[in-house]
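As structure tokens, the structure follows; a few thoughts come after it.
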Amino acid sequence: MKRFPEGFIYGGATAAYQCEGETLTHGKGKVAWDDFLAEKGRFLGDPASDFYNRYGEDLELCERFGINGIRVSIAWSRIFPEGAGAVNPEGVEFYHNVFAECRRRGVEPFVTLHHFDTPAALYDDGDFLNRATVDAFVEYARFCFAEYADDVTYWFTFNEIWAVATNQYIEGVWPRGHQARLDLAFQCEHNMMVAHARAVNLYKEMGYGGKIGIVHSLEYKYPVDPDSFADIAAAKNEDVLQNQFLLDATFDGAYSAESLSVAERLCAVSGGSLVIEPGDMDELACAAERNDYLGMNYYQSRWIRAYDGPDVLHFNGTGEKGTSRFCLAGVGERVEPDDVPRTDWDWLIYPKGMYDLIMRITMQWPNYKAIYITENGMGYKDELRDGVVMDGPRIDYIREHLDWNLRAQEAGANVLGYFVWSLMDMFSWNNGYNKRYGLFYVDFETGERIPKASAYWFAGISARGQLDV
Ligand code: BG6
């Protein structure tokens, strides 16, 4: 029997665009996803899980099921419909109401400022490749810190900078995306890290009493052949792009020589170079000392081998097994080992990767202070039968990840909480509504919530404060 530490957060995670609905009402401004999804005619961000109207019900469920923390994000364009300038009072009030309900229900809100939803006006002008977006983000953060100072103790600046960079500039699957532009991906990562640092520095200089950090999406990158230098180098390329470049900036406030040399080499593959503006590194260095914790999203790990052929970028989204391929010239090829199980969307299930990543952080960046697992969960084709959802594979997935998480804690890592992705079924960016992650099933026609078997199981973990493995 393994026990969780006192005060552990047994959380559920959400994101504004994926759960709120009411995307173009109540004064909310557009995000690039609105037109993108409408053009594709596939699935709309509305009504999503209707959290905008049903947050009271969701927080009541949290209280009943022992979920003592909720990750929510503020939709930037609900506060500033154009990204900057005029404020939308109805949007401001909405989040006050959500946070008040969190307090009433004894559910701690962990609040992210940006979860893939830059206001369209700024996105159309280059998103974070345009330094004007960095400035606008800092002003938006300033507003939120002041407005919600009494409501929010735990802040995150960004959700998954790597996902923004890779989906927009490498995989090209997000609105107006490009493929294989490694230079743009690294530039996006750097600029967003500067925006993060400036927001952290502002928060601390204003003397607010809460805490602040950032959420990174991490995947362990294993070389297919651990004895091959070429495979090790290929795994390092992906590692720098997704993990090390961002963790260096977060914890050291400086890019290591290894990160910089890989980044510069990969930028050159796309014919570009990384631009670091005067003052950027000072902001990063200051914020690294002030950062209170890391939010770590973990879903899977990767096995990489050397690759020099043409780019082949083909991804999940169809639900068909074995259809995803990622081969990037000069970077590497992702290989799916036969002995690693996969989800229906080809995501590799490898719980030990979470342990390996946490332990790496404790060793490579020992000043990390604390980690929250801010997302972990399994996309699954849940079926409602006779009013019940039996999602055994999800329970196994979460149990195994919690087990490795506890092993990392036993080995000395400071992990303060774990948030299941997701609290309730929500909209999935590239997969619409049939890829369900929630502890609570959502009937997307009626909005009704139904606790899945995993919700009852998770409630037991929270109530007993221990994992039965
Ligand atoms: C994380 C994101 O990367 O993965 C979430 O923070 C996202 O927003 C989740 O939904 C699962 O991804 P997907 O594509 O399966 O919905």
Side-chain angles (χ1 to χ4, degrees), residues 11-20 31-33 36-37 40 42-43 45 48-49 51 70-76 110-118 156-168 170-175 177 189 192 213-219 242-243 246 294-302 315-321 323-324 326 342-349 353-354 357 372-382 393-394 397-398 401 418-439 442 444:
T14 71
Y17 196 78
Q18 294 177 266
C19 72
E20 283 179 5
V31 299
W33 288 97
F36 180 73
L37 296 174
K40 299 253 175 209
R42 353 181 234 199
F43 24 71
S49 329
F51 183 76
I70 183 171
R71 251 193 96 199
V72 294
S73 73
I74 295 177
W76 184 349
F110 288 72
V111 181
T112 311
L113 288 168
H114 180 280
H115 195 124
F116 305 163
D117 56 353
T118 306
F156 293 106
T157 51
F158 287 104
N159 180 70
E160 298 194 350
I161 288 177
W162 167 79
V164 175
T166 196
N167 284 301
Q168 281 183 208
I170 296 181
E171 302 189 10
V173 289
W174 281 10
E189 290 192 351
M192 290 182 82
I214 186 167
V215 173
H216 289 313
S217 168
L218 304 181
E219 293 175 352
Q242 181 165 358
N243 306 319
L246 296 165
L294 170 72
M296 173 176 153
N297 291 356
Y298 178 80
Y299 289 91
Q300 59 179 332
S301 286
R302 303 279 186 189
F315 300 101
N316 72 65
T318 59
E320 280 172 49
K321 273 200 166 179
T323 53
S324 297
F326 182 100
R342 295 177 293 199
T343 70
D344 286 343
W345 279 266
D346 289 349
W347 289 34
L348 301 175
I349 303 175
M354 176 186 275
L357 282 161
Y372 288 93
I373 303 300
T374 34
E375 285 182 32
N376 177 242
M378 185 180 180
Y380 188 60
K381 292 178 182 164
D382 294 291
R394 179 174 293 112
Y397 180 101
I398 296 174
H401 283 83
Y418 171 97
F419 294 76
V420 176
W421 182 270
S422 48
L423 178 64
M424 77 295 268
D425 291 337
M426 295 192 293
F427 167 71
S428 163
W429 303 97
N430 291 317
N431 308 286
Y433 288 103
N434 74 337
K435 190 177 187 184
R436 294 172 178 269
Y437 280 91
L439 293 173
V442 174
F444 289 112

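Computed over heavy atoms, backbone and side chain alike; hydrogens, waters and symmetry mates excluded. Indexing begins at 1, ligand by ligand and atom by atom, following the structure's order.
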Problem set entry | Any residue meeting side chain to side chain donor-acceptor pair (under 3.5 Å) with Thr112, in chain and number order, not counting sequence neighbours | Arg71

Residue [X] vicinity, atoms of ligand 1 by number, heavy atom under 4.0 Å:
X      : result
Trp347 : 11 (C), 12 (O), 15 (O)
Ser428 : 13 (P), 14 (O), 15 (O), 16 (O)
His115 : 2 (C), 5 (C), 6 (O), 8 (O)
Asn431 : 14 (O), 15 (O)
Asn159 : 6 (O)

Taking C-beta and beyond as the side chain, do [X] and [Y] meet within less than 4.5 Å on heavy atoms?
X      : Y      : value
Gln18  : Phe51  : no
Trp174 : Asn430 : yes
Val164 : Phe116 : yes

Answer with side chain, backbone, both or neither: which part of [X] has a heavy atom less than 4.0 angstrom from an atom of ligand 1?
X      : value
Asn430 : neither
Ala15  : neither
Tyr437 : side chain

Exercise. Do the side chain of Glu189 and the main chain of Ile161 share a donor and acceptor less than 3.5 angstrom apart?
Worked result: no

For this session: Return yes if some donor-acceptor pair links the side-chain N/O of Asn159 with the main-chain N/O of Val215 below 3.5 Å, else return no.
Result: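 Looks like no, no N/O pair under 3.5 Å.
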
Exercise. Counting heavy atoms only, which of Met378, Arg71, Gln18 is nearest atom 8 (O) of ligand 1?
Worked result: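 Checking each option, the heavy atom nearest atom 8 (O) of ligand 1 is found in Gln18.
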
Exercise. Among Glu375, Met426, Lys435, whose heavy atom sits nearest atom 2 (C) of ligand 1?
Worked result: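 That would be Glu375.
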
Problem set entry | Contact check, Trp345 vs ligand 1, heavy-atom distance below 4.0 Å | no

For this session: Apply ring-ring contact (aromatic ring centres under 6.0 Å, His included) to His216 and list each qualifying residue two or more places apart in sequence or on a separate chain.
Result: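 Scan of His216 (ring-ring contact (aromatic ring centres under 6.0 Å, His included), adjacent residues dropped) gives none.
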
Exercise. Can we call the ring centroids of Tyr437 and Tyr380 under 6.0 Å apart?
Worked result: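 Distance test on ring centres: not under 6.0 Å, no.
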
